[in-house]
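Working notes, beginning with the structure itself.
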2 protein chains.
Amino acid sequence: MTTHLPHPHHPDVPEEINGLRMTRQRQEVYRFLLGERSHPTANEVFMRIKEALPHVSLATVYNCLEALVQHNAIRKVNFDREPSRYCPNLAEHGHFHDETTGTIHDVKFKPGISLADVLDLPPNTVIKDVEITLRGQLT
Amino acid sequence: MTTHLPHPHHPDVPEEINGLRMTRQRQEVYRFLLGERSHPTANEVFMRIKEALPHVSLATVYNCLEALVQHNAIRKVNFDREPSRYCPNLAEHGHFHDETTGTIHDVKFKPGISLADVLDLPPNTVIKDVEITLRGQLT
DNA sequence: AATTTAAATTAGAATAGTTCTTGATCCAAT
DNA sequence: ATTGGATCAAGAACTATTCTAATTTAAATT
């Protein structure tokens with residue numbers, strides 16, 4: 001089944017991102033993530049965009065998220081084996097998981113610091129992706 | 001069903017680790033991990049220790065691994081949402097995932113470096129656990 | 001040494017996030 | 001308008017892990 005909804009113009013979301021055609025569903029997913037700092041799960045995205053697209057399916061949300069990740073529009077973030085979360089912050093950063101509240105906060109690097117300065121990497125290593133996760137409490 | 005196997009003395013594995021009684025199953029799991037640098041999954045541990053304990057169950061392997069993690073005898077390591085892997089290296093270190101071969105290498109910090117020197121942590125943050133994952137290629 | 005009690009183990013069922021399948025629908029280009 | 005490839009929807013399938021219930025083991029006590 002399809003939505004048969006009009007395809008309104010969303011001036012804040014372009015027609016295309018890094019070569020990915022922005023369908024109505026992808027727009028809603030992306031637009032919601034842009035306004036969220038809470039690193040929502042696929043299911044949370046699903047629940048939220050159903051308000052705008054009542055017939056959207058969870059599989060489509062997964063498809064949209066995966067497409068956006070593949071085209072470097074968003075990042076997928078994992079904590080242990082909890083449900084994956086999605087993050088529109090493309091700058092290199094880590095994630096602090098506050099165990100008291102369950103909330104997740106982006107953590108920036110101090111200016112001028114690169115991971116290679118810190119880690120004893122094997123020679124001839126090409127790093128394509130870095131993930132830094134911190135767990136603890138805000139007191 | 002039970003093994004009815006004798007409980008041989010393994011001089012390289014103590015009777016107790018950090019207050020955790022080392023049953024035969026826990027000994028086999030722990031001993032195998034100590035000799036492995038490949039960060040095996042629960043299933044890989046299971047397949048391997050079946051040679052010594054033919055009647056061991058996968059649930060028991062999960063129980064043993066969890067008990068060892070809880071008592072700080074080993075570490076649980078996650079890459080995205082792939083099956084969890086287990087690591088006997090207790091020193092603070094990261095993991096480099098070589099995408100070409102699929103192998104995982106421990107990565108040490110450069111001496112004298114602490115994460116707090118590198119990250120812009122919010123004030124009043126108590127860090128209980130850090131996980132650093134790198135993905136890339138060895139050329 | 002027998003009894004009691006708690007912990008550990010096992011086998012299989014249950015769970016949950018994610019992926020897959022299939023058919024329908026949309027969209028761009030002819 | 002038609003065609004062909006991409007996208008979507010609904011639900012089934014998959015899989016790593018956890019849970020349940022029953023059994024067995026080990027430790028503590030008599």
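We name chains A, B, ... by the order of the sequence lines, and we start the count at 1 in each one.
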Find the distance [X]:[atom1] to [N]:[atom2] and express it as a whole number of Å.
X	N	atom1	atom2	result
Tyr86(B)	dT17(D)	OH	P	6 Å
Leu20(B)	dA26(D)	CG	P	15 Å
Glu16(B)	dA8(C)	CD	C1'	15 Å
His55(A)	dA24(C)	NE2	P	18 Å
Leu58(A)	dT21(C)	CG	C1'	16 Å
Met22(B)	dA26(D)	CE	C1'	16 Å
Arg24(A)	dA9(D)	CZ	P	11 Å
Leu68(B)	dA8(C)	CG	C1'	13 Å

Think [X] has a side-chain N or O under 4.0 angstrom from the OP1 or OP2 of [N]?
X	N	answer
Thr23(B)	dT9(C)	yes
Gln25(B)	dT25(D)	no
Tyr62(B)	dT17(D)	yes
Arg21(B)	dA26(D)	no

Exercise for the section: For Arg75(B), enumerate each residue passing the side-chain hydrogen bond (donor to acceptor under 3.5 Å, both in side chains) test, keeping only those at least two apart in sequence or located in another chain. Expected result: Asp129(B)

Fill in the blank from the handout: With sequence neighbours left out, the residues meeting side-chain hydrogen bond (donor to acceptor under 3.5 Å, both in side chains) with Asn78(B) are Ser84(B)

Fill in the blank from the handout: Excluding Met47(A), membership of its hydrophobic cluster (Ile, Leu, Val, Met, Phe, Trp, Tyr; side-chain heavy atoms within less than 4.5 Å) reads none

Exercise for the section: Give the other cluster members for Val77(B), using side-chain heavy-atom distances under 4.5 Å between Ile, Leu, Val, Met, Phe, Trp and Tyr residues; answer none if it is isolated. Expected result: Phe79(B), Ile104(B)

Completion exercise
The correct set of residues in residues 75-85 of chain B placing a heavy atom under 4.0 Å from DNA chain D is Pro83(B), Ser84(B)

Starting the side chain at C-beta, find the nucleotide from [options] nearest to [X].
X	options	value
Ser57(A)	dA9(D), dT18(C), dC19(D)	dA9(D)
Arg26(A)	dT18(C), dT7(D), dT10(C)	dT7(D)
Cys64(A)	dC8(D), dT9(C), dC20(C)	dC8(D)
Thr60(A)	dC8(D), dT10(C), dT17(D)	dC8(D)

Exercise for the section: Decide whether His95(B) and His93(B) meet the rule of one side-chain donor and one side-chain acceptor closer than 3.5 Å. Expected result: yes

Exercise for the section: Without swapping roles, check the side chain of Glu28(B) against the backbone of Gln25(B) for a donor-acceptor pair under 3.5 Å. Expected result: no

Practice task
List the steps, then state whether side chain to side chain donor-acceptor pair (under 3.5 Å) holds for Asp106(A) with Asn89(A).
Solution key: CA-CA 9 Å; Asp106(A) 285 357; Asn89(A) 181 355; 2.9 Å; yes

Exercise for the section: Report the residues that fulfil salt bridge (Lys or Arg N to Asp or Glu O under 4.0 Å) with Arg48(B), sequence neighbours left out, ordered by chain and then residue number. Expected result: Glu51(B)

Exercise for the section: Under 4.0 Å between any heavy atoms, over every strand shown, what does Asn63(B) touch: base, sugar-phosphate, or nothing? Just pick one. Expected result: base

Handout entry: Most 5' of Val61(B) and Thr41(A) on DNA chain C, judged by nearest nucleotide
Key = Val61(B)

